[in-house]
Protein chains: 2
Amino acid sequence: MAYKTEHITQQIRAAREARNMSQRELSARSGLTQSHISQIERGTMEPGLASLVDVARALDLEIVLAPRKLMPAIGNILANASLTSNSLTSQQRHLVGRIDRWLAEGRDRFAVASDADSLKDSLALLRHLPLTADELETLHDLTMRLQRWKSDPPSPKEVRDFVHAVRALRNAAVHRDRDDAIPRSAYALDEEDDDA
Amino acid sequence: MAYKTEHITQQIRAAREARNMSQRELSARSGLTQSHISQIERGTMEPGLASLVDVARALDLEIVLAPRKLMPAIGNILANASLTSNSLTSQQRHLVGRIDRWLAEGRDRFAVASDADSLKDSLALLRHLPLTADELETLHDLTMRLQRWKSDPPSPKEVRDFVHAVRALRNAAVHRDRDDAIPRSAYALDEEDDDA
DNA sequence: GTGTTTTATGCAGGATTCTATATCATCCTG
DNA sequence: CAGGATGATATAGAATCCTGCATAAAACAC
């Protein structure tokens, strides 16, 4: 019943989640009801065009009608852009990678087994969410501990603290208000979107 | 009242008229009523998304959700294509076709596998976007290399350079401002350079 | 000008969207 | 564990879409 528009509504959900926006927040920005948004995303009902436009705008998306034969070219542009939409500095990538490799070396360092999972989960998100300069510094300090631990094995408590600290960063990144944050992009020497 | 979606419904009418299709015929193809179509086109009512999809399909159009920041690039493709797709010189088509065939001959020439994909992407866009005379010349020079490589196989580095050069042309075409560019079409006497 | 085709309107309904408001289960954090 | 946030559901009612005719108004032919 609601399958003709599924690909579109799926994109809406994907875009919302990519921005870590809740249905309620999207509701506020778009003017639709949260329950309405839920139903649209689940395919329970097909939105009217007006609603779709409202939601899209709230997500910084535009609705375009394109000739079918041009779809390859357009898909091409969209695909390339999503690759470079990384607002992460290379430093952040680097640090996360470091912790990741440390984790991969062995999970037997963790007194509490679930801590390893927790850490892995945190890293998964930190791979995609930008940190502030301060947080980045914290992350840097944390990885320095790993360095020290090579010659001086950590106590179980130290490992726990480490996991919690990383988790705290994760939470900060996840729950940040999208309106503040990431002033970094201004002087970022990281990415110039040459769109390649 | 019906202003949010006006630009979209206008495109529908434009597309229909461009095909010399009557509202009745579109009605038959899409399954909507003629009166319904009339009201949509006039902005008397806003269609539901399902209806829009039906109509679009009947017109060989696809609905795309695109990030606002990519709209210039996409508008570029759409605008150029609607110029009866004749803004491309046959020379450009010819040269692109040549590279395309060369690519089809085998992807084993690429040291870096993703380079083959990159090249393919570039060609997909160069098939639709016009180049300036200068760029066209560059493209011509590039295809000459292929000629040489037939008797003198290229080094991996040469292949990479080639891919990058084509990509540069692609980027130039994609991000060009629609306002400048393509004065060519007026007095286009594109000559076929059949040197092969 | 007559006749045909196309588009614009009108209206009665049934169907669906959409809002407003609540509730519930779940997950996460402190 | 308590508190907060998130997403899925439910219900009732207002609003709107959409169909199915039917018909008026243009527009275009011969």
Side-chain angles (χ1 to χ4, degrees), chain A residues 1-6 8-10 12-56 58 114-115 117-122 124-126 129 160-161 163-178, chain B residues 1-6 8-10 12-56 58:
Chain A
M1 171 119 55
Y3 286 125
K4 267 179 308 208
T5 65
E6 199 191 14
I8 298 176
T9 54
Q10 279 314 100
I12 292 293
R13 163 163 274 178
R16 180 180 63 79
E17 288 177 343
R19 285 154 206 256
N20 293 302
M21 197 182 292
S22 73
Q23 288 182 345
R24 284 197 160 79
E25 184 173 356
L26 180 56
S27 158
R29 296 195 188 211
S30 63
L32 309 202
T33 308
Q34 178 264 328
S35 84
H36 193 187
I37 292 176
S38 172
Q39 301 196 54
I40 290 174
E41 288 186 348
R42 304 203 84 231
T44 300
M45 69 164 54
E46 312 214 294
L49 181 54
S51 299
L52 180 69
V53 169
D54 286 338
V55 171
S114 66
D115 275 356
D117 295 327
S118 167
L119 182 57
K120 194 178 168 194
D121 170 67
S122 299
L125 283 158
L126 288 175
L129 299 177
R160 276 222 106 179
D161 284 349
V163 172
H164 287 350
V166 175
R167 182 139 200 109
L169 282 181
R170 178 214 106 117
N171 289 336
V174 166
H175 294 115
R176 180 171 2 261
D177 227 332
R178 262 154 314 290
Chain B
M1 178 74 131
Y3 283 126
K4 267 181 307 209
T5 65
E6 199 190 14
I8 298 175
T9 53
Q10 279 314 101
I12 292 294
R13 162 163 276 178
R16 178 179 66 78
E17 288 175 343
R19 284 152 213 254
N20 292 313
M21 198 181 292
S22 74
Q23 288 182 346
R24 279 212 148 69
E25 187 175 353
L26 181 56
S27 160
R29 291 191 195 222
S30 62
L32 309 203
T33 308
Q34 178 266 327
S35 86
H36 193 188
I37 292 178
S38 172
Q39 301 195 50
I40 290 174
E41 288 186 350
R42 304 200 81 237
T44 300
M45 69 163 55
E46 312 213 292
L49 180 54
S51 300
L52 180 69
V53 170
D54 286 339
V55 172

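Throughout, protein chains are lettered first and strands after them, A, B, ... in sequence-line order, and every chain is numbered starting at 1.
Residue contacts shown for A/R42 are limited to sugar-phosphate atoms, with no base heavy atom under 4.0 Å away. Base contact: A/Q34 has a heavy atom under 4.0 Å from a base atom. When heavy atoms are screened at a 4.0 angstrom cut-off, B/S38 is found touching base atoms of the nucleic acid. A/I37 comes within 4.0 angstrom of nothing in the nucleic acid, heavy atoms only. Residue contacts for A/S35: at a heavy-atom cut-off of 4.0 Å it reaches a base atom on one of the strands shown.
The distance between atom CD of A/Q23 and atom C1' of C/dT26, rounded to the nearest whole Å, is 14 Å. Between A/M45 atom CE and D/dA15 atom P there is a gap of 17 Å when expressed in whole angstrom units. As rounded to whole Å, 10 Å separates atom P of C/dT7 from atom CD of B/E25. Nucleotide C/dA8 holds its C1' atom 12 Å from the CZ atom of B/R16, rounded to whole Å. The distance from atom CD1 of A/I40 to atom C1' of C/dT16 is 13 Å, rounded to the nearest whole Å. Atom CG of A/L32 is separated from atom P of C/dT21 by 16 Å (rounded to the nearest Å). Between the P atom of C/dC18 and the CG atom of A/L26 lies a distance of 14 Å, rounded to the nearest Å. Atom CG of A/L52 is separated from atom C1' of D/dC17 by 16 Å (rounded to the nearest Å).
Side-chain N or O atoms of A/S22 include one that pairs as donor or acceptor with a backbone N or O of A/E25 at under 3.5 Å. Here the side chain of A/S122 pairs a donor or acceptor atom with the backbone of A/S118 at under 3.5 angstrom.
Between A/R167 and C/dT29 there is a side-chain N or O to OP1 or OP2 distance below 4.0 Å. Neither OP1 nor OP2 of D/dC18 sits under 4.0 Å from any side-chain N or O of B/Q39. Contact between the side-chain N/O atoms of B/R24 and the OP1/OP2 oxygens of C/dT4 is not found at any separation under 4.0 Å. For C/dT6, neither phosphate oxygen OP1 nor OP2 lies less than 4.0 angstrom from any side-chain nitrogen or oxygen of B/R13. In this structure, B/T33 does not reach the D/dC21 phosphate: none of its side-chain N or O atoms is under 4.0 Å from OP1 or OP2.
Ionic pairing of B/R16 and B/E41 is present here: one or more N-O contacts between side-chain nitrogen and carboxylate oxygen are shorter than 4.0 angstrom.
Comparing atom distances between the B/H36 side chain and each of C/dC18, C/dT17, D/dT19 picks out D/dT19 as nearest. For B/P47, the listed nucleotide lying nearest its side chain is D/dC18; candidates were C/dC18, D/dC18, D/dG7.
Nearest heavy-atom pair, A/S27 versus A/Q34, reported as atom, atom and distance to 0.1 Å: OG-N, 3.5 Å. Smallest separation of non-hydrogen atoms from B/T9 and B/P47: CG2-CD, 4.2 Å.
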